[in-house]
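Position 1 is the first residue of the sequence, and the numbers go up from there.
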Amino acid sequence: INAEYGNHMKTLAFIFLFVFIFNSLIQAEYKSYEGDIVLRISAKTEADLDFLSQLHSDYEKYDFWTSLSLKRPVDVRVIKGHIQETQRLLESQGLKYEIMIENVQSLIEEERRTLRSNKVDPSYYSHYHTYEENIEWMTELAQQYPEMVELIEVGTSYEGRSLLAARVFAPNSSSIPEKPVIWIDGGIHCREWISTATVLYILGHFVTDYQNDTDIQGILDRADLYVLPMLNPDGYVYTWTTDRMWRKTRKPNSGSTCVGTDANRNFDYQWGGSGSSGDPCSNSYRGVSPFSEIETKSVSTYLSNFVNLVGYINFHSYSQLWMYAWGYTYQFPPDYTDLNEVSRKSVDALEAVYGTPYEYGPVATTIYICSGIGVDWVYGALGVKYAATVELRDLGQYGFLLPEDQIVPSGIETLAGFKVLL
């Protein structure tokens, strides 16, 4: 018995050693942001913006989490080793700032500790999940509710992953080409995990709550809902395996060591204008041409084939904003009055749940000018009136690293806002 016990303990020790080494290797491969901080800077003048734009182009020192704006604070991740230098520069310019996140890596590690206990909570919505887990969950949803869910491969990514969408329809209703269509997607900027998680929450509850929710019944009786939770799957996988702060696609850029394109600057409407970059190393790199990325090309082709696309929402984080076209110009869209009223109703419904404050308005006048974005293309090129882009929680306390305990509240309040959109 003692011999068997000894062998058993040796086996357990070996297993523990293997797991320790394996986890250490994983941690070693995962990019560290130890010592990086996030500063919140208040720009008051055009001269302030001109100064910050110089910092914006220094990719080796700064990662701008929000874009340059006089309307709201600018959040910037400052890389370790350049913090005191940056503080001196800001103070010399008379720019006020505060530290929003004292150590980015600490939030990443806390998030990863939570991820390891995924399976404890029976609610899928309570946690962030890998690409493979989300695909499996969508597959099981379609198998469990074949009378309401159909899975569709919109296309494949640069690395060959499926752009898997779900069509949700009223039980046992037939597919009618002319039936109105509503489209929502998340994860175009892959580090914004809450966008994917919230879109999955909406998808799941449109299916499971249909029998008891008259608002959902009314929407699905009139229209089909198409849901694409991970528009940028290669980037999403990369945020899990290698770099939590990755934003772009993963296709290499010819003539540059920098990888990826900002998929939300790659749409063929006012492409190449302000708010996008021609530098492949920029997080706002627009690509070599409109729809140069297979992900945006696939989605745009699929959307263009709809006979009656009536609604579209592209989900992001963070800043708590409910917006619509235009992004490329400060001019108001032709449907400004109606779009503003509909957005107000959505925000009112969202805020009524937990009191989470949201602002609403056109992209350019609410946050900043940006060209080649999805909502402008859907509204301008496809003529879809009710096209929106939404920045989810929070206001910068956690930024892109929103804790898991905020996923379900985000889903509940966003669903409330979404249901009154149409």
Side-chain angles (χ1 to χ4, degrees), residues 138 149-158 160-169 174-189 195 199 202-203 219-220 222-235 249 251 261-273 276 286-316 323-329 333-335 339 363 370-390 418 421-422:
M138 292 174 68
V149 181
E150 175 191 10
L151 296 186
I152 298 162
E153 186 172 78
V154 173
T156 54
S157 68
Y158 172 76
R161 294 182 178 88
S162 174
L163 275 68
L164 190 67
R167 168 181 166 251
V168 184
F169 47 93
S174 58
S175 179
I176 305 171
E178 295 79 14
K179 190 174 183 181
V181 166
I182 305 164
W183 173 280
I184 65 173
D185 61 54
I188 191 169
H189 291 151
S195 68
V199 165
I202 294 173
L203 166 60
I219 292 173
L220 290 184
R222 290 182 289 114
D224 287 351
L225 174 65
Y226 283 73
V227 182
L228 176 61
M230 297 173 289
L231 194 153
N232 177 9
D234 295 346
T249 62
K251 186 177 76 174
T261 291
D262 182 345
N264 202 38
R265 301 294 186 274
N266 192 237
F267 284 81
D268 193 9
Y269 197 86
Q270 299 295 326
W271 176 87
S276 67
R286 58 182 170 255
V288 295
S289 61
F291 298 138
S292 60
E293 303 307 287
I294 186 62
E295 295 86 0
T296 56
K297 179 64 175 176
S298 297
V299 169
S300 64
T301 299
Y302 200 85
L303 292 177
S304 298
N305 288 332
F306 284 126
V307 176
N308 195 11
L309 181 63
V310 299
Y312 164 94
I313 303 183
N314 175 225
F315 284 99
H316 293 261
M323 299 174 292
Y324 48 89
W326 300 110
Y328 80 94
T329 177
D335 301 298
L339 288 172
V363 173
C370 48
S371 306
I373 63 176
V375 67
D376 278 8
W377 178 76
V378 172
Y379 181 80
L382 298 187
V384 178
K385 179 178 178 179
Y386 297 109
T389 185
V390 175
F418 174 66
L421 179 65
L422 296 169

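Atom OH of Y324 sits about 12.5 Å away from atom CG of L421, to the nearest 0.5 Å. A distance of 11.0 Å separates OH of Y302 from CD of E153, quoted to the nearest 0.5 Å. Note that OG1 of T261 is 6.0 Å distant from CG of N266, once rounded to the nearest 0.5 Å. Between I202 atom CD1 and F418 atom CZ the span is 6.0 Å, to the nearest 0.5 Å. If you take OG1 on T389 and CE on M323, they are separated by 5.0 Å, rounding to the nearest 0.5 Å. Interatomic distance, CG of L163 versus CG of L228, reported as 5.5 Å (0.5 Å rounding).
In summary, the side chains of S157 and E295 do not present any donor paired with an acceptor at a separation below 3.5 Å, with no hydrogens or angles considered.
A donor-acceptor contact shorter than 3.5 Å is absent between the side chain of S276 and the backbone of R265. Under a 3.5 Å cut-off, the side chain of K251 and the backbone N or O of S292 do form a donor-acceptor pair.
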N264 and H316: CA distance, side-chain angles, deciding distance, side chain to side chain contact (heavy atoms under 4.5 Å, CB included) verdict: CA-CA 10 Å; N264 202 38; H316 293 261; 3.7 Å; yes

Chi angles and distances behind the side chain to side chain contact (heavy atoms under 4.5 Å, CB included) call for I152, L164: CA-CA 6 Å; I152 298 162; L164 190 67; over 6 Å; no

Which pairs of donor and acceptor atoms, one on a side chain in residues 370-381, lie under 3.5 Å apart (sequence neighbours left out)?
{"from": "S371", "atom 1": "OG", "to": "S274", "atom 2": "N", "distance (Å)": "3.3"}
{"from": "S371", "atom 1": "OG", "to": "S274", "atom 2": "O", "distance (Å)": "2.7"}
{"from": "D376", "atom 1": "OD1", "to": "G327", "atom 2": "N", "distance (Å)": "2.9"}
{"from": "D376", "atom 1": "OD2", "to": "G327", "atom 2": "N", "distance (Å)": "2.9"}
{"from": "D376", "atom 1": "OD2", "to": "Y328", "atom 2": "N", "distance (Å)": "3.1"}
{"from": "Y379", "atom 1": "OH", "to": "D335", "atom 2": "N", "distance (Å)": "3.2"}
{"from": "Y379", "atom 1": "OH", "to": "D335", "atom 2": "OD2", "distance (Å)": "2.7"}

Throw together a table of side-chain donor-acceptor distances under 3.5 angstrom for residues 303-313, partners on residues two or more places apart or in other chains.
{"from": "S304", "atom 1": "OG", "to": "S300", "atom 2": "O", "distance (Å)": "2.7"}
{"from": "N305", "atom 1": "ND2", "to": "T301", "atom 2": "O", "distance (Å)": "3.2"}
{"from": "N308", "atom 1": "ND2", "to": "E178", "atom 2": "O", "distance (Å)": "3.3"}

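Under the ring pair (Phe, Tyr, Trp, His ring centres under 6.0 Å) criterion, F169 pairs with no residue at all, not counting sequence neighbours. Taking D234 as the reference, R161 meet the salt bridge (charged side-chain N to carboxylate O under 4.0 Å, His left out) condition, with sequence neighbours excluded. For R286, the salt bridge (charged side-chain N to carboxylate O under 4.0 Å, His left out) test picks out no residue, with sequence neighbours left out. The side chain to side chain contact (heavy atoms under 4.5 Å, CB included) test applied to A263 returns I188, T249, T296, not counting sequence neighbours.
Closest approach of L151 and A166 over heavy atoms only: CD2-CB, 3.9 Å. A pairwise comparison of heavy atoms in G187 and S195 identifies N-OG, 3.0 Å as the closest pair. Of all heavy-atom pairs spanning V299 and W183, the tightest one is CG1-CZ2, 4.0 Å. The two atoms that bring V199 and P229 nearest to each other are CG1-CA, 3.8 Å, heavy atoms only.
For the pair H189 and D262, the minimum side-chain heavy-atom distance is below 4.5 Å. Put simply, the side chain of F315 reaches to within 4.5 Å of the side chain of I184, judged on heavy atoms.
Counting non-hydrogen atoms of other residues, nucleotides and ligands closer than 6.0 Å to NZ of K385 gives a total above 12.
With I182 as the fixed residue, the side-chain contact (heavy atoms from CB on, under 4.5 Å) test singles out one of D224, L220, I219, V168: I219.
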